[in-house]
Amino acid sequence: MTTVDALYRLILHSWNSKDAAAFSELFAADGCVVGFDGSEISGREAIRHELAGIFADHETGRYVGIVREVRELDTGVALLRAVSGVIPAGASELDPALNAVQSLVARRVGGQWLVALYQNTPAAWHGRPEAVVALTRELAAQRPA
């Protein structure tokens, strides 16, 4: 049985592998993604279709993530909070402008954890450049998923 932490790692790995089908299969049928730019994609099939287009048309960066917390909210419902960074395509270092705070709500369906909501929020931390530098350093110590 996949843990919620492992589910998050699979999301990052699927993105880094540019595997839209694997990424979307981690979601409940009615799951939702809220992207870094605020765009929303609802439904497993729509997620697969949208990501397949992104992967076909864009060189995407590689995610690095750190899980901050996993807590079960109720029987079969859990919240994961994480931070992430992106190494842009063709680069070898994280781009601090792409750091994010990520939230994932998962629910257990038939003994398997699936994503109900996955949200990226830019970690801009306006007026606190030292916080951006500290997070970027912490993320840089991780390996891409």
Side-chain angles (χ1 to χ4, degrees), residues 1-126 131-132 134-145:
M1 180 168 81
T2 301
T3 65
V4 175
D5 183 271
L7 181 63
Y8 174 73
R9 298 277 167 223
L10 287 169
I11 284 175
L12 298 186
H13 178 76
S14 298
W15 177 276
N16 291 346
S17 300
K18 299 181 181 184
D19 190 339
F23 187 100
S24 66
E25 286 303 313
L26 301 171
F27 284 75
D30 62 349
C32 182
V33 173
V34 179
F36 191 77
D37 65 353
S39 58
E40 295 181 45
I41 311 167
S42 294
R44 184 185 296 142
E45 183 56 29
I47 292 167
R48 187 204 58 74
H49 183 265
E50 186 70 23
L51 286 186
I54 289 170
F55 294 148
D57 296 338
H58 298 82
E59 284 296 319
T60 54
R62 294 181 51 80
Y63 273 103
V64 175
I66 300 171
V67 174
R68 295 283 196 228
E69 172 188 24
V70 177
R71 101 177 101 119
E72 196 155 345
L73 301 175
D74 201 351
T75 303
V77 179
L79 169 68
L80 177 141
R81 294 182 327 100
V83 291
S84 69
V86 176
I87 301 169
S92 59
E93 303 287 327
L94 292 164
D95 180 348
L98 300 176
N99 290 350
V101 175
Q102 297 182 322
S103 299
L104 181 151
V105 176
R107 69 176 184 248
R108 199 174 4 240
V109 178
Q112 177 182 8
W113 286 104
L114 294 173
V115 179
L117 173 67
Y118 177 55
Q119 179 162 347
N120 290 290
T121 301
W125 292 327
H126 301 293
V132 174
L135 177 58
T136 303
R137 286 185 181 146
E138 183 182 9
L139 289 163
Q142 304 298 307
R143 300 179 121 172

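How far CH2 of W113 is from CG of L104: 10.0 Å, rounded to the nearest 0.5 Å. Between the CD atom of E25 and the CD1 atom of I47 there is a distance of 10.5 Å, given to the nearest 0.5 Å. For the atom pair CD of E59 and NZ of K18, the computed distance is 4.0 Å after rounding to the nearest 0.5 Å. Atom CZ in R108 sits 10.5 Å away from atom CG in D74 (nearest 0.5 Å). Remark: N120 CG to S103 OG distance equals 9.0 Å, nearest 0.5 Å. With rounding to the nearest 0.5 angstrom, the CG atom of L26 is 9.5 Å from the CG atom of D19.
R68 is not listed as a side-chain neighbour of V101, based on a closest heavy-atom distance of 4.5 Å or more. Contact check for Y8 versus V70: no side-chain heavy atoms found under the 4.5 Å cut-off.
Side-chain N or O atoms of N16 include one that pairs as donor or acceptor with a backbone N or O of Y63 at under 3.5 Å.
Residues L135 and A123 approach most closely at CD2-CB, 4.1 Å, considering heavy atoms. Across all non-hydrogen atoms, the minimal contact from A52 to A20 is N-CB, 3.4 Å. The heavy-atom pair separating W15 from F23 by the smallest distance is N-CD1, 4.1 Å. Heavy atoms only, all atoms of each residue included: W125 and V132 are closest at CE3-N, 3.8 Å. For the pair C32 and E40, the tightest heavy-atom approach, listed with the atom from each and the gap, is SG-OE1, 4.4 Å. Counting all heavy atoms, side chain and backbone alike, L7 lies closest to L114 at CD2-C, 3.9 Å.
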**Request:** Might you work through the side-chain contact (heavy atoms from CB on, under 4.5 Å) test for V4 and E72, ending with a clear yes or no?
**Result:** CA-CA 9 Å; V4 175; E72 196 155 345; over 6 Å; no
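Side chains of T3 and D5: no donor on one and acceptor on the other come within 3.5 Å.
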Show me the donor-acceptor pairs, under 3.5 Å and distance only, between side chains in residues 77-93 and residues at least two apart or in other chains.
unit_1	atom_1	unit_2	atom_2	d
R81	NE	E69	OE1	2.6
S84	OG	Q102	NE2	3.3

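Atom CZ of R137 sits in a sparse spot, with 12 or fewer heavy atoms from other residues, nucleotides or ligands closer than 6.0 Å.
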